[in-house]
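What you see is a predicted model; the values in this text were computed from it and never measured.
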Amino acid sequence: MPELPEVETTRAGIAPWCEGRRVEQLIVRESRLRWLVPDDLPQHVEGQRIESVSRRGKYLLFRVGAGTILVHLGMSGSLRVVTPEEPPSFHDHVDLVCEGGHVLRFNDPRRFGCWLWLEGDVSKHKLLRNMGPEPLSDAFDGALLFNKSRGRRGPVKNFIMDGKIVVGAGNIYANEALFAAGIRPDRAAGRISRERYDRLAAEIRAVLAAAITQGGTTLRDFVGGDGKPGYFRQELQVYGRGGQPCRRCKRPLKEVRISQRSTVFCVACQR
DNA sequence: ATAATCACCTGCTCGC
DNA sequence: TGCGAGCAGGTGATTA
C-alpha cells in the first residue's frame, strides 16, 4: 500500500502523539507478520522513552531504550493513533500503548509488514545498509541516476523502483514520475541521456513532495496517523487510468505489465 | 552484477 | 448466488 509519501504522512501524523513519551505496553496480537515479531520486543521497549520517530525509505524507526523498533507497512499496513477505549478490530496486530492515553495501532490484513528490534548502528543493519539515497535529499540527482544506469538493459521503471538505486518510489509514483518526465517506462535504463535523467530525478522529487503535501494517495484503505485518507489520488495522471484519455494529449493511455506490475503511460507524450 | 520470477497473505472484483 | 482467476500500494530470496 504505502510508498514513501504514505509512510512520511504516517510518520508526521503519529510523531506528535508518541515522541518523548514512555511506552506503557506493547501488545502483539498476531506475531506472524512478514517476519515473526520477536518475543522479547515488549521487554525491550516497555517502560522506555520514545526518543524519536524517523523514516528511512519506507521504513519507520522508533528510537526507544537501548535500540530501535523497525516498522514496515508492507502492502496493506497502516499505523494510526487511537484511544485505549477503542476496541481492536480485525487485523489490528500490534498496539504500542503510550503514556498519556494514546495508542499506536498497527493494522495489516496481508501481514507483509514487520516489527523488528534492532540494536547498534541501525544503518548497518542488513535491511538498511544497501539502500539508495533519500529522493528528497541532496544525494539524489540526475547524475546519480545516469551513473548507476550505465550498462543496464532493464526497463527504467524497474530501475527507479529499485531501492538500491533510490528509495521511496513504488508502483504509483514510478508511473507518475515517468509520465511527468516524458519517458517511456519500458525504455532501457542504460540508454537514457544525462539530460533526461536530470529531468526524471526532478520529477521523482516533485511528485513525491506533492504527494506528501496532499497526505499521500488513498486507493482503497490507506489512512494516515490521524485516520484520514490521502488526497493525492485526484492528482494522479496515469496510475489506474489505463484506457482513459491522457490529460495532456487526450489519446488513450496504454496499460501494460512490466515485471508483473501494472504500468500505464502515454505512447505520444512518453518516448 | 543484473534481471526476472517467486514467495509471503488477505480481500476484492470480474467473468462464467 | 457461487466459485475460481487474477489483481492489489512491497521487497527479500531465489533462480538464470
Side-chain angles (χ1 to χ4, degrees), chain A residues 1-10 29-37 55-60 70-79 89-94 106-116 125-132 135 145 147-177 185-191 204 207-208 211-212 214-224 229-236 238-243 255-264:
Chain A
M1 146 197 56
E3 301 183 35
L4 187 147
E6 292 72 39
V7 178
E8 178 55 27
T9 296
T10 298
R29 299 187 193 82
E30 173 57 83
S31 57
R32 296 172 305 165
L33 304 184
R34 176 159 196 195
W35 297 288
L36 212 59
V37 180
R55 180 188 58 71
R56 178 74 176 97
K58 299 171 194 169
Y59 285 97
L60 289 168
L70 186 70
V71 175
H72 198 288
L73 302 179
M75 284 280 265
S76 60
S78 64
L79 200 50
S89 50
F90 200 33
H91 299 317
D92 281 343
H93 305 314
V94 182
F106 176 74
N107 181 281
D108 185 9
R110 293 176 74 178
R111 293 193 274 119
F112 286 172
C114 70
W115 281 65
L116 296 176
H125 187 271
K126 186 181 179 184
L127 292 173
L128 304 177
R129 69 184 171 204
N130 292 321
M131 289 178 99
L145 290 180
N147 293 333
K148 296 222 172 204
S149 63
R150 291 311 88 184
R152 294 186 66 134
R153 306 173 62 172
V156 62
K157 175 165 179 263
N158 291 355
F159 176 67
I160 61 171
M161 288 176 70
D162 182 346
K164 295 189 290 303
I165 304 302
V166 58
V167 296
N171 200 35
I172 297 179
Y173 300 111
N175 276 296
E176 294 298 314
D186 57 357
R187 178 170 290 278
R191 301 190 182 198
I204 289 171
V207 70
L208 293 175
I212 290 170
Q214 298 289 308
T217 299
T218 294
L219 253 32
R220 49 184 74 80
D221 52 10
F222 171 74
V223 290
Y231 297 100
F232 194 70
R233 188 177 187 174
Q234 59 209 48
E235 318 278 330
L236 297 179
V238 289
Y239 183 85
R241 298 193 63 246
E255 179 154 6
V256 299
R257 203 144 267 280
I258 295 179
S259 294
Q260 347 258 56
R261 307 298 294 257
S262 149
T263 304
V264 187

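Shown here for Lys58(A) and Glu3(A), the closest heavy-atom pair between the two residues is CE-CA, 4.0 Å. Shortest non-hydrogen contact noted between Phe232(A) and Ala211(A) is CD1-CA, 3.5 Å.
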Hey, what are the protein-to-nucleotides 12-16 of chain C N/O distances that come in under 3.5 Å?
unit_1: dG12(C); atom_1: OP1; unit_2: Tyr59(A); atom_2: OH; d: 3.3
unit_1: dG12(C); atom_1: O4'; unit_2: Arg34(A); atom_2: NH2; d: 2.8
unit_1: dA13(C); atom_1: OP1; unit_2: Lys126(A); atom_2: NZ; d: 3.2

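Pro5(A) comes within contact range of no nucleotide atom at all, as no heavy-atom separation falls under 4.0 Å. When heavy atoms are screened at a 4.0 angstrom cut-off, Phe232(A) is found touching no nucleic acid atom at all. Contact annotation for Arg153(A): backbone-only contact, meaning every heavy-atom pair under 4.0 Å involves sugar-phosphate atoms and none involves a base. Contact annotation for Tyr239(A): backbone-only contact, meaning every heavy-atom pair under 4.0 Å involves sugar-phosphate atoms and none involves a base. When heavy atoms are screened at a 4.0 angstrom cut-off, Asp108(A) is found touching no nucleic acid atom at all.
Tyr239(A) is linked by a ring-ring contact (aromatic ring centres under 6.0 Å, His included) to nothing, counting only residues two or more places apart in sequence or in another chain. Residues meeting the side chain to side chain donor-acceptor pair (under 3.5 Å) test with Ser259(A), sequence neighbours left out: Asn158(A). Partners of Arg129(A) under the side chain to side chain contact (heavy atoms under 4.5 Å, CB included) rule, at least two apart in sequence or in another chain, are Lys126(A).
Of the side-chain N and O atoms in Arg110(A), none sit less than 4.0 angstrom from OP1 or OP2 of dC7(C). Contact between the side-chain N/O atoms of Ser262(A) and the OP1/OP2 oxygens of dA8(C) is found at a separation under 4.0 Å. In terms of phosphate contacts, His72(A) brings no side-chain nitrogen or oxygen within less than 4.0 Å of OP1 or OP2 of dG10(C).
Separation of the C1' atoms belonging to dG9(C) and dT2(B) is 25 Å when rounded to the nearest angstrom. Here the separation of dG12(C) from dG11(B), taken at their P atoms, is 25 Å to the nearest Å.
As rounded to whole Å, 12 Å separates atom P of dC7(C) from atom CZ of Arg261(A). The nearest whole Å value for the distance from the CG atom in Asn175(A) to the C1' atom in dG10(C) is 15 Å. One atom, CZ of Arg257(A), and another, C1' of dG6(C), lie 9 Å apart when rounded to the nearest Å. For Ile172(A) and dA8(C), the CD1 to C1' distance is 10 Å, given to the nearest whole Å. Spacing between atom CG of Leu208(A) and atom C1' of dG9(C) amounts to 13 Å, rounded to whole angstrom units. Atom CG in Leu73(A) sits roughly 11 Å away from atom P in dG10(C) (whole-Å rounding).
Residue-environment remark: CZ (Arg150(A)) exceeds the threshold of 12 foreign heavy atoms within 6.0 Å. Heavy atoms of other residues, nucleotides or ligands lying less than 6.0 angstrom from CZ of Arg29(A) number more than 12.
Looking at Glu30(A) and Arg111(A), their side chains come closer than 4.5 Å, going by heavy atoms from C-beta outward. Residues Val167(A) and Pro135(A) form a side-chain contact, since some pair of their non-hydrogen atoms from C-beta on lies under 4.5 Å apart. When side chains are defined from C-beta on, Leu33(A) counts as touching His93(A), because their heavy atoms get closer than 4.5 Å.
Ion pairing of Lys148(A) with Asp162(A) is absent here, as no side-chain N (NZ or NE/NH1/NH2) approaches a carboxylate O to less than 4.0 Å.
Note: Trp115(A) and Phe106(A) have perpendicular aromatic rings, judged against thresholds of 30 and 60 degrees for the angle between ring planes.
Stem analysis of DNA chain C (at least three stacked-register Watson-Crick or G-U pairs, each with both distances under 3.5 Å) gives B:2-8 with C:10-16, B:10-16 with C:2-8.
Comparing Phe90(A) and Arg152(A), the nucleotide of DNA chain B nearest to each residue sits closer to the 5' end for Arg152(A).
For DNA chain B, the contact window with chain A, defined by any atom under 4.0 Å from a protein heavy atom, covers dA3(B) to dG11(B) in 5' to 3' order.
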